Amino acid sequence: MNPTHLTSIANTSNSKNIHIQKQLELAKKSRNSSSPHHNARVAAAVARASNSTHGNNNNNSNNSNSSNNTEKEDKQWTVLDFGGMQIKNISLELFKYTFLTTLYLNHNKLLFIPPEISNLRNLNILDISGNKLTYLPPEMGLLSELKELYMFDNIIAELPNEFGFLFKLEMLGIEGNPINEKIVQHLQQDGTPGVIVYLRDKCQVPPPPEKRKWISFDDEPTMNDRYFVMTYNILSDKYASAQTYGYTPSWVLNWENRSKKIIKEILEYSPDIICLQEVEMGQFHDFFLPQLTEYNGVFWPKSRAKTMQEFEKKNVDGCATFFKVRRFNLIKQDLIEFNQTASQKPEYRQYEDVYNRVMLKDNIAVVTLLEDKETNFCLMVANTHLHWDPAFKDVKLVQVSILMEEIQKLCELYMKKPLRPQFSKYLQNDSSRFPLILCGDFNSERNSGVYDFLSKAKISPDHEDYLGHSYGTEEVTHKFQLKSAYLEVEDLDFTNYTPGFKGILDYIWYTSNTIKITGALGPVDKNYMKKVVGFPEFHFPSDHIPLLTQVKIKNQIPPIMSRQAQATQQAAQQRRH
């Protein structure tokens, strides 16, 4: 294939191909813009014409013009035009301008593009046409905001498979390059998206990251009074679409591939208690229960399942809690449905927003009361998944308020059960002393009202996260002394990682008056993350990562650990390290 092959295809085709014609039009436009700073001069001329028109229409509005000029001066520039300057080398200082959205390097004498260009993560448009490039760095695949990439009239024969991560790319200009025939065929058939899909699914599996390190918070000898607790949003198969995760190869996104990695990860850490979110009903019965043979499990789907026929219910996701049968007896299991509970509370029913906002979201929490078979002490485990949409922060606050109120009621009910005398004595008839682990995807960051409420045990009715909606005039409180198990893990930057969002949404909360945290699983390898567009990807099967912590109930007499139990726990510790 020679640099004019697209022209040949267009000329010999019986009907003009829209994708090839677009290539030829843009290539012609590029060739006419080879003069120095062509794009900057065009933009300046357009701006002058616009200002002139604006001035004529507002010649009596001097104050308004002055205000507009001030706004323009304050606005940071985001476009840089080095086109037509005969540049041979690029200073790496350029790639510190991470705020750039448009970069013109066209019609120079560049022989290569430095991989550091990947630092410009905000780029929407990149033009490297009319150079002498024979190769493009794979790191350009990290420019996930890129919508237009022009590389007309170079000497490029192959594109890195990593370009398949450019899921927002709308136009890839390749005319004038001796490009691989396969790429030309995909371009001709499906345009730029077809090329991206082709390259994306060709990506090879990179070396895995370093294992996440275990962070220990104490030096006490390991006794049999400690439990490893995991929370993990596994990403439901029905949500794992190519439209949502366009940067993930289709075979990586496939449930068969992801499910194997999820189970492998769980079994490697071997937690005593597992709280999973976004588990589909069919997956719980047909996959997780048969795979987790050491565990028993409790599952409830979201409330919408009640209105569905049996064959439809299997795809409804919910929360699943698993526990090792050799360690725990299941004493009680309960479901908290936020919308149903809200509809039954007289203090909520008087507010329209409860009907228009809260009751439309069918999120739930699953609560289990577990009894340690050796110590006879009980542990309450709550597993929840709050609503996801940032536009409904108020709903999340109402949901977590309901959650804590219902947990309080359950604690009081559990205390009336015939619990073991030693544990009843430990509680001192005080429900706030009930050892509680609260896990889940709270879809709320550390600066949120949800986090404030859980950590401070109160929230004002005029908190900004209510977004002006009314759900009462009284301060909402709970009586538990909750702390995040990851409060001391400073390097944890995210639990959810996608091109559009990076942050902490998942938590393991515990009652600090009755439970001590003795360790936690650390963050993901930071060097590996420099090469990742978003999750899920080759080594991370969900868009969330699991959190794992080790807990012990305070002030209980630990049982004597058998040699077999010691060996089992030591083996699990070694796997985590």
Side-chain angles (χ1 to χ4, degrees), residues 90 92-101 103 112-124 126 128 133 135-147 149 151 156 158-169 172 183 195-213 235 240 242 244-254 257-258 260-262 264-265 268 491-505 521-546:
I90 306 173
L92 298 185
E93 292 295 309
L94 172 63
F95 306 121
K96 294 181 180 179
Y97 295 171
T98 55
F99 54 83
L100 288 176
T101 60
L103 178 60
F112 68 96
I113 299 293
E116 286 80 3
I117 195 172
S118 63
N119 294 332
L120 305 183
R121 297 289 181 99
N122 291 307
L123 276 186
N124 296 148
L126 175 62
I128 51 176
L133 303 171
Y135 165 85
L136 295 177
E139 287 82 0
M140 284 178 63
L142 296 172
L143 302 176
S144 57
E145 292 298 315
L146 210 57
K147 295 180 180 178
L149 173 56
M151 42 181 276
I156 298 168
E158 295 288 348
L159 296 179
N161 291 337
E162 287 78 4
F163 275 29
F165 300 144
L166 302 177
F167 68 107
K168 291 187 178 181
L169 199 67
L172 174 65
I183 293 173
V195 175
I196 296 304
V197 170
Y198 167 69
L199 294 171
R200 186 189 66 197
D201 287 348
K202 280 180 60 186
C203 285
Q204 300 298 308
V205 179
E210 289 187 11
K211 286 195 171 184
R212 295 168 64 186
K213 292 182 172 59
L235 179 58
T244 304
Y245 302 97
Y247 49 87
T248 307
S250 57
W251 64 269
V252 173
L253 204 55
N254 182 277
N257 171 71
R258 292 197 305 112
K260 291 176 183 177
K261 287 184 169 59
I262 290 167
K264 182 174 182 289
E265 195 164 23
E268 280 182 352
D491 291 338
L492 187 72
D493 297 325
F494 67 87
T495 63
N496 175 236
Y497 190 90
T498 63
F501 178 81
K502 171 186 174 184
I504 296 173
L505 301 178
L521 188 64
V524 177
D525 178 2
K526 293 188 183 301
N527 287 326
Y528 184 83
M529 291 307 301
K530 293 177 182 177
K531 306 171 185 176
V532 174
V533 170
F535 293 164
E537 59 97 67
F538 303 99
H539 299 291
F540 292 87
S542 173
D543 53 349
H544 293 250
I545 61 171

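As the structure is a prediction and not an experimental result, all values here were calculated from the model.
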Minimum heavy-atom separation for [X] and [Y], please, with both atom names.
X	Y	answer
F494	I545	O-CD1, 3.5 Å
V524	F540	CG1-CZ, 3.5 Å
V533	G141	CG2-O, 3.5 Å
P138	P160	CA-CB, 3.9 Å
P114	P137	O-CG, 4.2 Å
F95	E116	CB-O, 3.5 Å

> Between R121 and E145, is the closest basic N to carboxylate O distance under 4.0 Å?
Replying inline: no
> Are K264 and E268 within salt-bridge range, i.e. N to O under 4.0 Å?
Replying inline: yes
Any side-chain heavy atom of [X] sitting closer than 4.5 Å to one from [Y]?
X	Y	answer
P249	F538	yes
F535	K502	no
N122	L100	no
L149	L143	no

So, [X] side chain and [Y] main chain: donor-acceptor pair closer than 3.5 Å or not?
X	Y	value
R258	A240	no
K531	P206	no
D491	P523	no
N257	V252	yes
T248	P536	yes
T101	N124	no
D201	W251	no
R200	F167	no

> Would I117 and M140 satisfy side chain to side chain contact (heavy atoms under 4.5 Å, CB included), going step by step from the backbone distance to the final call?
Replying inline: CA-CA 7 Å; I117 195 172; M140 284 178 63; 3.6 Å; yes
> Just wondering, more than 12 heavy atoms not from K168 lying within 6.0 Å of its NZ?
Replying inline: yes
Return the [atom1] to [atom2] distance between [X] and [Y], rounded to the nearest 0.5 Å.
X	Y	atom1	atom2	value
R212	L492	CZ	CG	7.0 Å
Y497	L505	OH	CG	14.0 Å
Y135	I113	OH	CD1	11.5 Å
T495	H544	OG1	NE2	6.5 Å
D525	K211	CG	NZ	13.0 Å
L126	L169	CG	CG	10.0 Å

> So E537 and Y528, side chain to side chain contact (heavy atoms under 4.5 Å, CB included) or not? Walk me through it.
Replying inline: CA-CA 12 Å; E537 59 97 67; Y528 184 83; 2.7 Å; yes
>> Just to verify, what does F99 make a ring-ring contact (aromatic ring centres under 6.0 Å, His included) with, not counting sequence neighbours?
In response: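 Only W77, Y97 meet the ring-ring contact (aromatic ring centres under 6.0 Å, His included) criterion with F99.
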> Passes side chain to side chain contact (heavy atoms under 4.5 Å, CB included), F165 versus L142? Steps please.
Replying inline: CA-CA 7 Å; F165 300 144; L142 296 172; 5.5 Å; no
>> One pair to check against side chain to side chain contact (heavy atoms under 4.5 Å, CB included): L136 and F163. What are the steps and the verdict?
In response: CA-CA 10 Å; L136 295 177; F163 275 29; 3.8 Å; yes
